[in-house]
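So the structure is just underneath, and the comments pick up after that.
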Amino acid sequence: MRRAIMVILDGLRRDFITEATTPRLMAFMRRAEYFPAFRSAFPSATRIVSATFATGCFPARHTLQGNAVALLEDGVLVPHDVGRPDFLLHKKAVTGQSLAVPTLAERLAPHGGAIVFNNVSPGAARAHDPDGFGHVYHRAFSVGPGLRPVDDPLRVNLDAAGDRAMTDRFITEVIRQRRPAPGVLWCGEPDHIQHNVPLGSPEHLTVPREADRHAGMVMDAVTRERDNGDDILLIVASDHGHETVSGVIDVEEDLIAAGLKHGPDSSDVVAMANGTATLVYLHPEAASRRAALDAHLRAAVWAGSVFSADTLGSVGHAPDHGLAFAVSMRTDDGLNAFGVPGRSLMAKPRWARPDRLGCGQHGGLGVFEQSPVLMIDSPDFKAGERRAGVVRIVDLAPTISRHLRVPAEGMDGVALQVGGAHGRPMMSTGFSLVSPPLSHGKSGSSP
Ligand SMILES: [Zn+2]
């Protein structure tokens, strides 16, 4: 039987894979193919990455623009936290669609369905299958086809122990017993701890060690199933890395002070913080402010790369649904107190607590938040090799589809099996999240 198993260790930075911290991943790198130029989506934030992974399409097509977004509702730009369990249901009620293109769960519903075990935010879990074609198990909701609650919901905490309990269930129930065509295990660590302690600190480093054990448990379970004759594609990856927060910027306050937004609750211009990125929405009635906003953002000391209507395409977006600008906050290559490189300003979030100075964060185009992990193991990949060239989140769904022998029509990504990426220019320099490279915003190349 052909199957695909994906293990995502949320937020794991590529340079934290070491013999001391992650021995199982180091060993796996030698028997899998390794992708040292794998990139996250933009914003490099879990909910939008999840939708991008699930659909194989960029945000311009699946229409979930960020971890926090604004929706034009009854003529008003309304801010939303996509992490809420009901956000995509609300988006469907407002816009007619949760995601505008099919997910793997929908595509594979006629082939036995997909099962996702997920320990990140409820909204990120929902993005894998918002319309209820397969099964999604999450600590806040566990549902099957038709979004009907299951009898055996996932009851874990968002920490390493919760990931461990979820991994145990995933191995027993998904890998051994239910055996769906695709099974996805999306662990909450080490992302969760990295938001709360400095990268590289002792409190941090115990957690990637635990995540490494969880990945190793799945590797062992897959080996047993292969010994029993199954042809399993095993993907071990992360969704983004992290940078160290070097400062917190209240972008809306900055826009108000510049006379570009009326007030804190006004609907003319709405800036939605996405960690180290910001999405700026412009109400149609305030369209005359576009040029002034553009000039202000490009001159802002806190802005790194600025993308406007004509360049949003280079980072997978479209100027739709009120989205006027996307900003990756300013980064530098300085070290934190534990010698870990990569710092970034973050945008002050509307809901979460903002004082995360010195801890990890992500969302932008910084070198290290755009350095997630990707290793793929199957007979179609070259054991122990490192493949040069940029590989994107959108390439995973076509790769899974090819292994399962189901069509990937309409996806933006390409299958990564040997031969699958031929004909696509491999970009080893320059910063573009789409292919071929388009024009860039303010700084263009990686900061
Ligand atoms: Zn994440």
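Counting starts at 1 for both ligands and their atoms, following the listed order.
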Problem - Shortest-distance N, O or S atom of D239 relative to the Zn ion (ligand 1) - result: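 The closest N, O or S atom of D239 to the Zn ion (ligand 1) is OD2.
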Handout entry: the Zn ion (ligand 1) to nearest N/O/S of H240 less than 2.8 Å
Key =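 Yes, within the cut-off.
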Practice task
Measure the acute angle between the ring planes of F16 and H204, then classify it against the limits of 30° and 60° as parallel, tilted or perpendicular.
Solution key: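 The rings of F16 and H204 stand perpendicular, inter-plane angle above 60°.
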Practice task
Assign the ring pair H240 / H242 to parallel, tilted or perpendicular, where the plane angle (0 to 90°) is split at 30° and 60°.
Solution key: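 Tilted: the ring planes of H240 and H242 meet at 30° to 60°.
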Exercise for the section: Compare every heavy atom of R61 with every heavy atom of M411, then report the nearest pair and how far apart it is. Expected result: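 Scanning both residues, the minimum pair turns out to be C-NH1, 4.3 Å.
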Problem - Cation-pi check, R126 onto F141 ring (under 6.0 Å, within 45° of axis) - result: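 Yes - R126 lies over the ring of F141, closer than 6.0 Å to its centre and within 45° of its axis.
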Problem - Metal site angle (apex the Zn ion (ligand 1)), OG1 from T46 and OD2 from D10, 10 degrees - result: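 Rounded to 10°, it measures 100°.
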